[in-house]
A.B. asks: 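Mind looking over this structure? Questions follow.
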Amino acid sequence: MRQRICVNYISDAGTREKGVDVGGLFKEFWTDLSALAFDLNFALFKVTEDGLMYPNPSSKMAHGDMSIKLFEFLGRILGKALYEGITIQPQFAHLFLSFLKGDHTFLHLLTDLSTIDTQLYNNLMFLKTYDGDAADLCLTFAVNDDDFGVTEVNLVPNGANIEVTNGNKRRYIYLVAK
């Protein structure tokens with residue numbers, strides 16, 4: 001963190017631009033990087049209804065195995081920016097910040113979900129408190145993911161063929177929230 005990061009900009013002509021980094025080049029690099037990395041179309045992050053950012057669970061679909069490396073690189077540069085006292089642009093969701101600080105536990109999964117997706121949270125709470133037969137709702141252990149076109153995702157092996165019942169609805173709620 002304390003070491004200097006070398007930033008080299010390449011001009012449109014393909015030559016390296018000269019400059020001495022006394023903080024300005026790194027700040028410009030951070031500004032350029034964050035404009036790309038936190039762009040929703042780049043698919044590394046998503047936003048809550050309140051406009052707070054959190055990592056996109058489907059980023060691997062957009063970036064393949066490089067998604068982890070992109071997050072690692074961005075995390076290191078973000079840490080360096082914070083260390084250098086550079087104001088960062090995105091505001092992160094509480095759930096994500098708690099996870100980064102090591103305070104996150106899976107005990108509050110549903111409560112955390114309410115800060116990210118209110119509609120999904122309300123639907124799961126309806127199911128949790130539903131007094132009727134859960135089988136009447138025609139749910140299975142599969143959900144639709146519409147991040148990059150609609151695809152069905154099994155929550156458990158062969159989940160599309162496993163009906164949600166009163167006996168297994170808590171497990172279903174946990175798996176959807178996770």
A.B. asks: Do side-chain atoms of N166 reach the backbone of A134 as a donor and acceptor pair under 3.5 angstrom?
C.D. replies: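 Yes: the side chain of N166 pairs with the backbone of A134.
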A.B. asks: Look at the rings of F92 and F96 and say which category their plane angle falls in: under 30° parallel, 30 to 60° tilted, over 60° perpendicular.
C.D. replies: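 Taking F96 first and then F92, their aromatic rings stand perpendicular (interplane angle over 60°).
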A.B. asks: Same cluster or not: F73 versus L36, using hydrophobic residues (I, L, V, M, F, W, Y) connected whenever any side-chain heavy atoms lie under 4.5 Å apart?
C.D. replies: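 Linked, F73 and L36 end up in one cluster.
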A.B. asks: With under 30° as parallel and over 60° as perpendicular, where do the rings of H63 and F42 fit, or are they tilted in between?
C.D. replies: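 Plane angle between 30° and 60°, so tilted.
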A.B. asks: What are the two closest heavy atoms between A62 and A43, and how far apart are they?
C.D. replies: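 The pair with the smallest heavy-atom distance is CB-CB, 3.7 Å.
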A.B. asks: Following the transitive rule for hydrophobic clusters with a side-chain heavy-atom cut-off under 4.5 Å over Ile, Leu, Val, Met, Phe, Trp and Tyr, establish whether Y130 and Y174 coincide in one cluster.
C.D. replies: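 In one cluster: yes.
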A.B. asks: Ignoring hydrogens, what is the shortest heavy-atom contact between V156 and I162? Give both atom names and the distance.
C.D. replies: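 V156 and I162 have their closest heavy atoms at CG2-CD1, 3.7 Å.
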A.B. asks: Rounded to the nearest 0.5 Å, how far apart are OH of Y54 and OG1 of T115?
C.D. replies: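 Going from OH on Y54 over to OG1 on T115, the span is 9.0 Å.
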A.B. asks: For T165 versus N168, what's the shortest heavy-atom pair and its separation?
C.D. replies: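 That closest heavy-atom pairing would be N-OD1, 2.6 Å.
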A.B. asks: Of all the heavy-atom pairs spanning L124 and A177, show the shortest one and how long it is.
C.D. replies: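 Looking at all heavy atoms of both residues, the shortest contact is CD1-N, 4.2 Å.
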A.B. asks: Calculate, to the nearest 0.5 Å, the distance between atoms CG and CG belonging to N161 and N154 respectively.
C.D. replies: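 So the CG of N161 and the CG of N154 are separated by 8.0 Å.
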A.B. asks: Any side-chain heavy atom of L74 sitting closer than 4.5 Å to one from F38?
C.D. replies: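 L74 reaches F38 side chain to side chain.
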A.B. asks: Can you tell me how far OH of Y172 sits from NZ of K169, rounded to the nearest 0.5 angstrom?
C.D. replies: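 Between K169 NZ and Y172 OH, I get 12.5 Å after rounding to 0.5 Å.
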A.B. asks: Do T48 and I116 have side chains that approach each other closer than 4.5 Å (heavy atoms only, starting at C-beta)?
C.D. replies: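 Yes; the side chains approach each other to less than 4.5 Å.
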A.B. asks: So do the side chains of K60 and D65 get within less than 4.5 Å of each other, counting heavy atoms only?
C.D. replies: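 Yes, close enough: below the 4.5 Å cut-off.
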A.B. asks: Hey, are the side chains of L139 and L127 touching, using non-hydrogen atoms and a 4.5 Å cut-off?
C.D. replies: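 Yes, side chains in contact.
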A.B. asks: With side-chain contact (heavy atoms from CB on, under 4.5 Å) as the test, would you mind laying out the steps for I173 and K128 before giving the verdict?
C.D. replies: CA-CA 7 Å; I173 291 168; K128 182 178 178 182; 3.6 Å; yes
A.B. asks: According to a hydrophobic-cluster definition based on side-chain heavy atoms being under 4.5 Å apart (Ile, Leu, Val, Met, Phe, Trp, Tyr only), do V47 and L52 belong together?
C.D. replies: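 No, separate clusters.
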A.B. asks: Do the side chains of V164 and F141 get nearer than 4.5 Å, heavy atoms only?
C.D. replies: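 Yes, close enough: below the 4.5 Å cut-off.
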A.B. asks: Are the side chain of T129 and the backbone N or O of M125 linked by a donor-acceptor pair below 3.5 Å?
C.D. replies: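 Such a contact is found between T129 side chain and M125 backbone.
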A.B. asks: Search all heavy atoms of L40 against all heavy atoms of F45 and return the closest pair with its distance.
C.D. replies: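 Taking every non-hydrogen atom into account, CD2-O, 3.4 Å.
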A.B. asks: Do side-chain atoms of D39 reach the backbone of N41 as a donor and acceptor pair under 3.5 angstrom?
C.D. replies: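 Pair found, side chain donor or acceptor close to backbone of N41.
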A.B. asks: Return the NZ to OG distance between K46 and S59, rounded to the nearest 0.5 Å.
C.D. replies: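 That separation rounds to 10.5 Å.
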